[in-house]
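Only one structure is covered here, and it is reproduced in the block below.
A, B, ... follow the sequence lines: proteins, then strands. Residue 1 opens every chain.
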Number of protein chains: 2
Amino acid sequence: MIDYNSKQVTGSMKRITIRDVSERAGVSTAAVSYVLNGREGKVSADTVAKVRKAAEELNYIPDFSARSLANNKSKLIGVVIPQTEDRKQLLLQNPFYSELICGIEARLRQSGYHMILSGVEKGEGYLDTSMQRNLDGAIITGIYQESFYEDLKKVRMPIVLIDSYIYDSHFDSVGIDDELGGYMATKHFIENGHANIALVTGLIRKDGVVEKRFLGYKRALKESGLFYNPDYVFEHSVTYEYGQEAARHIASNHPEITAIFATSDLMAMGAMQGIRDEGKEVPTNISVIGFDDISVARMCTPPLTTIKQDAIAKGIMAAERLLAAIEHADPSVPAVPKEPMAMPLALVERQSVRRQTF
Amino acid sequence: MIDYNSKQVTGSMKRITIRDVSERAGVSTAAVSYVLNGREGKVSADTVAKVRKAAEELNYIPDFSARSLANNKSKLIGVVIPQTEDRKQLLLQNPFYSELICGIEARLRQSGYHMILSGVEKGEGYLDTSMQRNLDGAIITGIYQESFYEDLKKVRMPIVLIDSYIYDSHFDSVGIDDELGGYMATKHFIENGHANIALVTGLIRKDGVVEKRFLGYKRALKESGLFYNPDYVFEHSVTYEYGQEAARHIASNHPEITAIFATSDLMAMGAMQGIRDEGKEVPTNISVIGFDDISVARMCTPPLTTIKQDAIAKGIMAAERLLAAIEHADPSVPAVPKEPMAMPLALVERQSVRRQTF
DNA sequence: TTGTAAGCGTTATCAA
DNA sequence: TTGATAACGCTTACAA
């Protein structure tokens with residue numbers, strides 16, 4: 001029995017290198033490199049066997065830094081998610097992002113990549129990080145100022161944007177049909193007899209998902225011949241607290257409003273609380289629809305009707321497309337720009353919407 | 001698909017190296033290295049100025065892979081969190097872990113480190129990753145089989161364990177006084193007149209946080225002369241669903257039970273739903289206390305009374321101690337085992353506990 | 001105070 | 001098929 005670890009591990013011992021393996025196998029380092037990288041066609045079966053045996057016995061573990069230096073491949077993917085405004089922390093509080101990350105990480109690891117998860121300081125770029133770390137690619141979620149994307153275009157690596165409507169040949173992109181989602185929610189209210197429907201939302205920014213949901217909201221109203229009232233749009237931050245605040249205002253100042261479409265479940269849950277704060281009931285007095293279908297949506301009281309999207313699947317898909325782009329390193333194959341990927345969407349009926357009767 | 005290999009993109013991006021900087025500044029690469037690493041005492045003020053200017057003009061960005069190769073410092077920290085059993089995904093669904101990650105990432109980035117966030121396959125080790133990436137340190141959350149820790153001891157880097165009761169001189173550790181938390185919750189029930197208190201919990205594993213909370217539960221009972229009934233312990237998985245299931249069972253089969261202590265908020269929320277499923281009310285018929293104070297705890301109905309811990313602060317603290325260990329690492333001096341760090345705890349009274357009267 | 005040059009571990013080119 | 005060997009970009013003795 002060989003003690004594989006004794007050399008490697010004992011505090012003062014040196015790292016096992018490809019050279020150690022080559023010596024033990026009685027071949028060159030080049031041969032070892034070939035075998036260990038699957039280019040076995042370049043060496044004899046005998047050599048392959050010897051190398052494998054030696055590597056196994058020595059418990060050889062490659063050094064990715066050296067690899068990265070030599071061939072510019074780091075097996076490292078940068079993942080960027082938005083931060084909270086005030087504190088400098090990731091917006092992981094929103095379960096939607098957590099699920100996204102779960103999907104991304106799982107898929108990446110499955111292919112032997114690691115994920116560097118980070119936020120980005122306001123106004124800072126990501127170019128430095130991508131160059132320092134020799135990133136093989138990046139997945140960017142959220143929406144940033146234009147200069148951020150301009151920077152990103154300069155760097156030579158595949159990039160997948162999640163939930164962005166910036167269509168540029170430099171970026172691949174994965175999202176959902178947000179306009180449709182906004183339409184579906186609003187339409188559902190209308191079909192249930194609601195006419196005065198408020199929109200509670202985060203900042204409506206150009207090229208952001210929220211803008212599209214807003215557009216869908218307006219389309220549904222228009223299609224049904226309903227009046228679009230700007231006073232019914234409550235726009236601020238994507239937080240439970242703002243949802244609550246907006247709903248309180250609605251419940252106390254707008255008796256005619258019978259429905260609230262919140263562009264995220266977090267806000268919808270806040271809204272339900274706000275309604276209750278004013279002594280009213282969901283959905284008896286005011287109905288609510290959310291967006292995302294985060295896991296707590298089914299756990300709250302009443303369970304929330306919402307537009308479901310599968311964040312984990314979204315993350316997996318983004319990773320998948322990024323990996324495809326990275327591994328498609330064949331310069332001879334001409335580039336075919338991909339259509340942005342739109343993931344499926346569904347209305348999940350639970351108990352926060354009431355059928356209005358007159 | 002986008003063609004990342006097109007000439008225009010490739011051609012324009014030749015990497016600026018330390019050599020380019022040295023040539024432009026008219027000094028040696030050594031001088032540049034000194035200046036850029038803050039060892040300015042080794043060179044003249046004039047040289048410092050020239051180097052800074054040249055680096056600035058060329059927009060020099062160091063290559064961390066090369067740096068890592070040369071001096072074994074990667075500025076990379078591995079962060080490990082548990083995975084779901086069935087699917088191979090991170091347990092980020094539990095908001096508690098999300099918050100932990102927020103804290104860790106923010107603190108790490110502040111000091112110029114990056115975080116590789118990953119799960120670990122069942123039965124797999126972390127040794128490979130740590131060697132491949134030349135990690136400067138690692139933060140491990142959750143509890144794993146013993147061989148995992150044995151592996152970890154072999155690798156020469158500082159490691160901080162979060163929420164583990166494995167006290168070993170190889171590891172620093174950050175947690176809370178879980179026994180006290182369990183005691184506080186149970187005591188609160190007792191002070192409010194409850195005598196038949198159920199425990200709903202994840203698997204009680206040796207050295208795990210749950211075991212300690214369980215111990216605190218028993219201590220409180222004993223101290224008050226109450227009978228500890230093993231039938232009142234419902235032990236399975238840390239999920240909303242199990243909390244719900246257990247509570248249903250309790251509500252329908254144990255009319256004498258008036259209180260449920262759930263060892264996580266997620267389970268507590270499930271429990272509240274389960275109680276309602278059986279046509280009973282919280283806290284009118286059954287009171288509930290949770291653990292963690294995740295953000296939804298205050299959003300649910302009724303707002304949940306719980307043992308609050310600050311996950312973000314916990315993450316920051318863990319990162320802080322890891323950085324301290326890394327930066328004062330003196331290879332010649334054996335590490336001085338630190339006392340495990342215990343973060344503060346508090347009972348947050350909301351509306352899920354009723355005062356029993358007889 | 002400065003510069004030269006020898007590593008660090010891999011990959012990949014090019015003769016043999 | 002093979003095996004030297006020159007990069008890759010940086011740090012750091014060691015010389016000058």
Whole angstrom value for the distance that separates P of C:dT4 from CD of B:E23:
11 Å
Is there a donor-acceptor pair closer than 3.5 Å between any side-chain N or O of B:D168 and the backbone N or O of B:H170?
yes
Step by step, work out the side-chain hydrogen bond (donor to acceptor under 3.5 Å, both in side chains) result for B:R133 and B:T129.
CA-CA 6 Å; B:R133 299 293 183 188; B:T129 304; over 6 Å; no
Does B:E150 come within less than 4.0 Å of B:K154, counting only side-chain N to carboxylate O?
no
With nearest nucleotide decided by heavy atoms, which residue, B:A45 or A:I18, maps closer to the 5′ end of DNA chain C?
B:A45
Could you give the NZ-to-P distance, from B:K73 to C:dG7, as a whole number of Å?
21 Å
Of the candidate nucleotides D:dG9, C:dG3, D:dT12, which contains the atom at the shortest distance from the side chain of B:T17?
D:dG9
Which nucleotide, D:dC14, D:dT11, C:dA12, lies nearest any side-chain atom of A:A30?
C:dA12
Contact class for B:N37 vs. all strands (heavy atom < 4.0 Å): base, sugar-phosphate, or nothing?
sugar-phosphate
What nucleic acid atoms does B:F64 come within less than 4.0 Å of, heavy atoms only: base, sugar-phosphate, or nothing?
nothing
Given 3.5 Å as the limit, does a donor-acceptor pair link the side chain of B:S130 with the main chain of B:L127, or not?
yes
Under 4.0 Å between a side-chain N or O of A:S33 and OP1 or OP2 of C:dT11?
yes
Among D:dC10, C:dT11, D:dT12, which nucleotide sits nearest the side chain of B:P62?
D:dC10
Separation of C:dT10 C1' from A:N134 CG (nearest whole Å):
13 Å
Find the distance A:R19:CZ to C:dG7:P and express it as a whole number of Å.
12 Å
When rounded to the nearest 0.5 angstrom, what distance separates OG1 in A:T29 from CD in A:E23?
10.0 Å
Which nucleotide in the set C:dT11, C:dG3, D:dC8 lies at the smallest distance from any side-chain heavy atom of A:L69?
D:dC8
Kindly compute the distance separating SG (A:C102) from CD (B:Q83), expressed to the nearest 0.5 Å.
9.5 Å
Relative to each other, are the rings of A:Y149 and A:F171 parallel, tilted or perpendicular (30° and 60° limits)?
perpendicular
Quick one: A:N72 CG to D:dC10 P, roughly how many Å, whole number?
12 Å
Pair B:N134-B:N72, side-chain contact (heavy atoms from CB on, under 4.5 Å): steps then yes or no
CA-CA 7 Å; B:N134 252 295; B:N72 263 319; 2.9 Å; yes
State whether A:S68 places a side-chain N or O below 4.0 Å from either non-bridging phosphate oxygen (OP1 or OP2) of D:dC8.
no
Classify the nucleic acid contact of A:S44 as base, sugar-phosphate or nothing, counting any heavy atom under 4.0 Å across all strands shown.
sugar-phosphate
B:S65 vs D:dG9: side-chain N/O to OP1/OP2 distance below 4.0 Å
no
Looking only at the side chain of A:D63 (C-beta and beyond, no hydrogens), which of the listed nucleotides C:dA12, C:dT10, D:dG9 gets closest?
C:dT10
Side-chain heavy-atom pair A:Y60, A:D20 within 4.5 angstrom cut-off
no
Choosing from D:dC10, C:dT11, D:dT12, which nucleotide comes nearest the side chain of A:A70?
C:dT11
Remember a base hit wins even if backbone is also touched, and classify A:Y34 as base, sugar-phosphate or nothing at under 4.0 Å, heavy atoms.
base
Distance check needed: D:dA16 C1' versus B:K42 NZ, whole Å only.
14 Å
Once you round it to whole Å, what is the distance between P of D:dC10 and CG of B:L36?
9 Å
Protein-nucleotide distance (A:Q132, atom CD; D:dC10, atom P), rounded to Å
11 Å
By the 4.0 Å heavy-atom rule, please label B:V32 as base, sugar-phosphate, or nothing.
nothing
Looking at every strand, decide which applies to B:T29 at a 4.0 Å heavy-atom threshold: base, sugar-phosphate, or nothing.
base
Identify the stems formed by DNA chain D, where each pair is Watson-Crick or G-U wobble with both distances under 3.5 angstrom and a stem is at least 3 consecutive pairs.
C:1-16 with D:1-16
